[in-house]
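Structure first, commentary second.
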Amino acid sequence: MLPAGPYEHKQFEKEILDFWLAGGYYRPEYSPIADSVISTEEMKKDSRLPWCLICPPPNAYGRPHIGNISGYAYMDSMARYQRMNGKKVLVLPGKDHAGLEGEGVFVREVLEKQGRNKFDMKREEFYQEMMEFNFQNMEKGLQDEKNIGLSADFSRNTFTLDPDIVDTVLETFVQMYKKDMIYKGVRIVNWDPKARSVVADNQCVREERDGSLYYIKYPIVSSDESLTVATTRPETMFGDTAVAVNPKDKRFASFIGKTVRIPLTDIEIPVISSFRVLEDFGTGALKITPAHSQDDYQIMMEWNKENTDKTIGYQNVIDKRLTLVGKTPEKYKGRKYKEAKEEILKDLTEQGFLVKEEKVKQNVLIAERTKALIEPLMSSQWYLKYDSIKEESKKMVNDGRINLFPESMVDKFNFWMDNLRDWAISRSLWWGYRLPVWYAGEVKEEIDDNGEVRELIRTSNLTRKLNSEVTVEHARVEDAEAIHRINVDGWHDNFVDEAAGVTLERIQNEFGKRYDNSEAIEKHKADIVSPNYKYLVAKSNGEVIGWAITENLNIDDTKWFDVYVDRNWRSKGIGSTLLDAMISELPETTFHLAVPEKSPAVKFYENYGFVEYDRNSENEYGLPIIQMKKLPEWEEVEYGNENHIKVQQDSPGEGWIQDEDVLDTWFSSGQWVYATLKKYDLMDTFFPSDVMVSGFDILENWISRMIMFTYFHEGKEPFKNVYLTGLVQGTDGQKMSKSKGNMIDMDKIVAEYGTDAVRLAYFYQNSAGASYSITPEKLKNFRGFLNKIWNASKFVLNNEQYIDQSVILSLSKYDIDSLKLDLSKKVLTHINEVNIHITENIEKYQLGLATFNLYQEFWHTYCDILIEESKEYLWDKKDKETGAIISSPKAEDRAEVSTVMIFALKSYLKLLHPFIPFITQTIWNEVPKDETDHKVLMYSQWNVK
RNA sequence: GGGCAGUUAGCUCAGCUGGUAGAGCGCCCCGUUUACACCGGGAUGGUCAUAGGUUCGAAUCCUAUACUGCCCACCA
């Protein structure tokens, strides 16, 4: 018996959810015949057809957003439908580590709130903490998935950084590398000089600053004429490879194709055209420096694509230390570009090239975190070449091996596939899959005299061992303590303390404040000038941040130094600059470092030499000891040469240095389907999967890559169908944003209207790929619909006592002729039509239409017409005043009608179940069942096969 | 700049490979209380963005235009 009163979702949803979860019904191993969970082996042998859906993994660090949740509703409806059709269904949920965004959230929401800095941590520590952070949050996300009713096999919830997944993903990288699909190439990146790292576009902000626009004359070769360009960055002019004008600009039409000379040099460059050049900005002529401007880079790429016989190149003139390099004239070369700029301008003026200077407001790109001015420059990155996999992948979608819903997205897909360029797969992050690339020594990037980016390697001799006997006595901690009171904080810089006669590192802290430490130096001058110390850096809180070096002893004609390095030092540069100085001063020297236990001494490799580091050794002060030796000369990295580089998952041995970068998150999520199925050894049964449900906005980035990776790895398609959902908009139909205040609070609306009502709002009248909004009006309406189902069920089930078993038989065969009453025939015909119609809708993935039709038919046909008409056969006639029964319907009519109506209700419960599982299961529990029915509605036979 | 969608009743949206425009909400009128006021019946309301074209016939196919959204090599 269903309780009287309106449907109260709160009363039932929790109970139903527990029922589903406890019974193992979400697992493919659940056998509806045995009513128990069988072994995986038995399941595989089971004659039921397999059906599989791998869930797109949302971010692990947070709760799934409303778009993810709507996706789950779609996935769940499909899965339940398939179970009702007798399939063994695997829905595999998971969570994504979400590379850049995951790391960003952790740094902002956790570290910064604790006043900590990522660069104070060791990579391994950071990774470990972040992993824990993710695992803590993953539970919350899983609960949301369960709450929306997602019938996924939660025992197989998988994280993208699960060791099994990592194995598969990295193995793919290695294979691709071996097949020459992965290579290193050069491209323009946003360089944050403060963080000494590449940053993503969306980690940068634009900021308006005062600047100058310089008008510079570029003489035309073999002519007295000249072309004047306007630029805010004259210092990059030696990197110009063209001057561009707008092809529509009549003033410059005759210049296109001519050659101009870069002032102060004898470099000649062509005049090209680009629609990107604004005629009314500056002079209408733009100098093109592709290596140091994203816009210019674009113009170069476009020009080269159109003019394959007259391509232009790029010239690097600024390196990662912001020093002028490459084809910069000797006069300015090797200097920081900010200093050199003044002199360049002076020379331009003197030689008559500088026409004028104009004050302007300019938008500059700033790194969001460090606030440093971004320097666009060329840097070598790992790339994936799609050539060998893209054609077949494209075919899969076009010949129907993979169907896209909506179909119109095929055009979008094809356009993407036809315009694929090689994919840069490395990211300057810590969180993610570290590249399985190992170098036989330290690697550095350098810009040569031709302006080309070169990668150099210095391989190490891996056999030398530490001589701990000698070193112990040279550590001088008591001296270091005298030094570290000097106040230096933040970012480093070099300066010379003339009074002391030494080079010191000066620190600028990361918020951009310049720290004047002269006072502190004065105070501790006595310490500084101590003959024992040559170089030092210490922190204001008393810790030695950089190091102190003492030249204290000669043994066997070898000079030894003790170097103290605090474990919290934050940059390669701190050590390298000073070590550089030492090396140049004492070229054939063996150095000796003592560092606290946790020091990332490995960082010293960069500009220095191989470090032999024995963690177990200790000197008398409890510090482990490092020995440094001068290393072989730099040589150019030869890819493919196993003496330089090895691509494999595990370290090839001591001394091999792993690439610092991690893989783009798409590189791993692109392998999600087979990586997960492999992990659980289910490829034989569930691959290829049946459906992928995803937002249409990641068709290109994700879906296409999954297809390509899976083709590479398995030679097959990852899934047969792709259902692309639209975006969920805010309560006012606009795009959701916090500032508009139209965010949808999932917890609130679920509490108020119930899970089923929210699910219906996702489905109803929605079509694949279309955006839709969830408004209170809709939710109210669907709550009303649930109530209607509830009340109709109460009414119909109230007549359960009259059921006639013989009628049930003919109903299940849809044998209309055997029914006596017109109403019964009408009901059965109606149910039959609805069954066919809805099944067709679902099979075509028209879930919006299916729910729309169900809503209409159930409410306005079944309830408003058929139930109303049935009352004549079900109700006693009563006297209006006394309430006494005047007459009753004929017993056999009442039996037939009540049986038919209950049959119809059960049919509707099945049809509705994929969309609104909670209420339908609740009612199902009270419905009279026969042998084809299962206590779990999602395992009851679908009406139409 | 390019690609892909969208533009249908006051609002939110359907309309499944061309055949006399649909739903929900809102508004208006009427009714009912032995499933349901989170109810029933009815009414009002759109030259389907604009302009051309194909066709016996176009919301639907084609072309152009205008707006809106999404994507476009370090956001998943």
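The sequence lines fix the lettering, A, B, ..., with proteins before strands; numbering per chain opens at 1.
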Margin query: Need to verify one output field. Residue with the more 5' nearest nucleotide on RNA chain B, A:P6 or A:N781?
Written below: A:N781
Notebook entry, point to check: Counting only side-chain N and O atoms of A:W875, is one of them less than 4.0 Å from OP1 or OP2 of B:rA35?
Noted result: yes
Notebook entry, point to check: A:N68 has an atom CG; how far is it from atom C1' of B:rC75, in whole Å?
Noted result: 14 Å
Next item on the list: Tell me the partner of B:rG22, counting only Watson-Crick (N1-N3 plus N6-O4 or O6-N4) or G-U wobble (N1-O2 and O6-N3) with both under 3.5 Å; none if nothing fits.
Entry: B:rC13
Next item on the list: Tell whether A:W702 reaches the base of B:rA76 with its side chain through a donor-acceptor pair below 3.5 angstrom.
Entry: no
Notebook entry, point to check: Taking the six-membered ring where the residue is Trp, are the ring centres of A:Y433 and A:H97 under 6.0 Å apart?
Noted result: yes
Checklist line | Any-strand Watson-Crick or G-U partner of B:rC48, both distances under 3.5 Å | finding: none
Item checked: Pairing of A:E868 and A:K871 as salt bridge, 4.0 angstrom limit -> yes
Next item on the list: Taking atom C1' in both B:rG46 and B:rA21, compute the distance separating them and give it to the nearest angstrom.
Entry: 8 Å
Next item on the list: Give A:A98 one of three labels, base, sugar-phosphate or nothing, depending on what nucleic acid heavy atoms sit under 4.0 Å from its own.
Entry: sugar-phosphate
Item checked: Pairing of A:E872 and A:K877 as salt bridge, 4.0 angstrom limit -> no
Notebook entry, point to check: Nearest-Å distance, CG (A:D756) to C1' (B:rC38)?
Noted result: 15 Å
Check: Taking any strand in view, what nucleotide pairs with B:rC28 in a Watson-Crick or G-U wobble way, both distances under 3.5 Å?
Finding: B:rG42
Margin query: Here's one to test your reading of the geometry: is the NZ or CZ of A:R894 within 45 degrees of the ring axis of A:Y873 and under 6.0 Å from its centre?
Written below: no
Checklist line | Span that lies between the C1' atom of B:rG3 and that of B:rG10, in whole angstrom | finding: 35 Å
Note to self: Counting distance alone, no hydrogens or angles: does the base of B:rC38 have a donor or acceptor under 3.5 Å from a partner atom on the side chain of A:K780?
What the structure shows: no
Item checked: Nucleotide opposite B:rC4 in a Watson-Crick or G-U pair, distances under 3.5 Å -> B:rG69
Check: Closer to the 5' end of RNA chain B via nearest nucleotide, is it A:Y855 or A:R427?
Finding: A:Y855
Note to self: Suppose we define a pair by two distances each less than 3.5 Å, Watson-Crick or G-U wobble; what does B:rU54 pair with here?
What the structure shows: none
Margin query: Does A:H860 reach a base, just sugar-phosphate, or nothing at all? Heavy atoms under 4.0 Å.
Written below: sugar-phosphate
Notebook entry, point to check: Which one, B:rA73, B:rA5, B:rG15, comes nearest to the side chain of A:D411?
Noted result: B:rA5
Next item on the list: Provide, to the nearest angstrom, the distance between the CG atom belonging to A:L905 and the P atom belonging to B:rC36.
Entry: 16 Å
Notebook entry, point to check: Looking at the rings of A:Y723 and A:Y74, which for Trp means the six-membered one, are their centres under 6.0 Å apart?
Noted result: yes
Checklist line | Charged N-O contact under 4.0 Å between A:R427 and A:D664 | finding: yes
Note to self: Can you classify the ring geometry of A:F133 versus A:F106 as parallel (below 30°), tilted (30 to 60°) or perpendicular (above 60°)?
What the structure shows: tilted
Notebook entry, point to check: What does A:S669 touch in the nucleic acid at a heavy-atom separation under 4.0 angstrom: a base, only the sugar-phosphate, or nothing?
Noted result: nothing
Checklist line | Complementary nucleotide of B:rA35, counting Watson-Crick and G-U pairs under 3.5 Å | finding: none
Item checked: Which nucleotide in B:rA35, B:rA73, B:rA23 has an atom nearest any side-chain atom of A:N791 -> B:rA35
Notebook entry, point to check: Expressed in whole Å, how much space separates the P atoms belonging to B:rU60 and B:rU50?
Noted result: 11 Å
Next item on the list: Please state the C1' separation for the pair B:rU63 and B:rA23 - nearest whole angstrom.
Entry: 33 Å
Note to self: Measuring only the C1' atom in each nucleotide, how far is B:rG53 from B:rA58? A whole number of Å is fine.
What the structure shows: 11 Å
Check: To the nearest Å, how far apart are A:I698 CD1 and B:rA73 P?
Finding: 16 Å
Item checked: Interatomic distance, A:F785 CZ vs B:rC25 P [rounded to whole Å] -> 12 Å
Margin query: Between C1' on B:rC72 and CH2 on A:W423, what's the gap in Å once rounded to a whole number?
Written below: 16 Å
Note to self: Let's see if you can work this out: which of B:rC36, B:rA23, B:rC25 has an atom nearest to the side-chain heavy atoms of A:K871?
What the structure shows: B:rC36
Item checked: A:N701 side-chain proximity, nearest of B:rC71, B:rC39, B:rG15 -> B:rC71
Next item on the list: In whole angstrom, give me the gap between the C1' atoms of B:rC4 and B:rG24.
Entry: 29 Å
Next item on the list: Could you state the atom-to-atom distance from CZ of A:F858 to C1' of B:rG24 in whole Å?
Entry: 17 Å
Notebook entry, point to check: Would you call A:E375-A:K320 a salt bridge at under 4.0 Å N-O?
Noted result: no
Item checked: Charged N-O contact under 4.0 Å between A:K394 and A:D418 -> yes
Next item on the list: Give a yes/no answer on whether the side chain of A:N787 brings an N or O atom under 4.0 Å of OP1 or OP2 in B:rC36.
Entry: no
Next item on the list: For A:N841, answer base if it contacts any base atom (sugar-phosphate contacts may also be present), sugar-phosphate if it contacts only those atoms, and nothing otherwise; contact means non-hydrogen atoms under 4.0 Å.
Entry: nothing
Checklist line | Minimum-distance nucleotide to A:F696 side chain [options: B:rA76, B:rC16, B:rC70] | finding: B:rC70
Checklist line | Atom P, compared across B:rC48 and B:rA59: separation rounded to whole Å | finding: 7 Å
Margin query: With rounding to the closest Å, how many angstrom separate the P atoms on B:rC62 and B:rU17?
Written below: 13 Å
Next item on the list: Using a cut-off of strictly less than 4.0 Å, decide whether A:K788 has a side-chain nitrogen or oxygen near OP1 or OP2 of B:rG40.
Entry: yes
Next item on the list: Decide yes or no, distance alone: a donor-acceptor N/O pair under 3.5 angstrom between the base of B:rA73 and the side-chain of A:E700.
Entry: no
Margin query: In this structure, how many angstroms lie between the P atom of B:rA14 and the NZ atom of A:K844, rounded?
Written below: 17 Å
Note to self: Categorize A:L797 for me: base, sugar-phosphate, or nothing, with a 4.0 angstrom heavy-atom threshold over every strand shown.
What the structure shows: nothing
Notebook entry, point to check: Is any side-chain nitrogen or oxygen of A:H837 closer than 4.0 Å to OP1 or OP2 of B:rC16?
Noted result: no
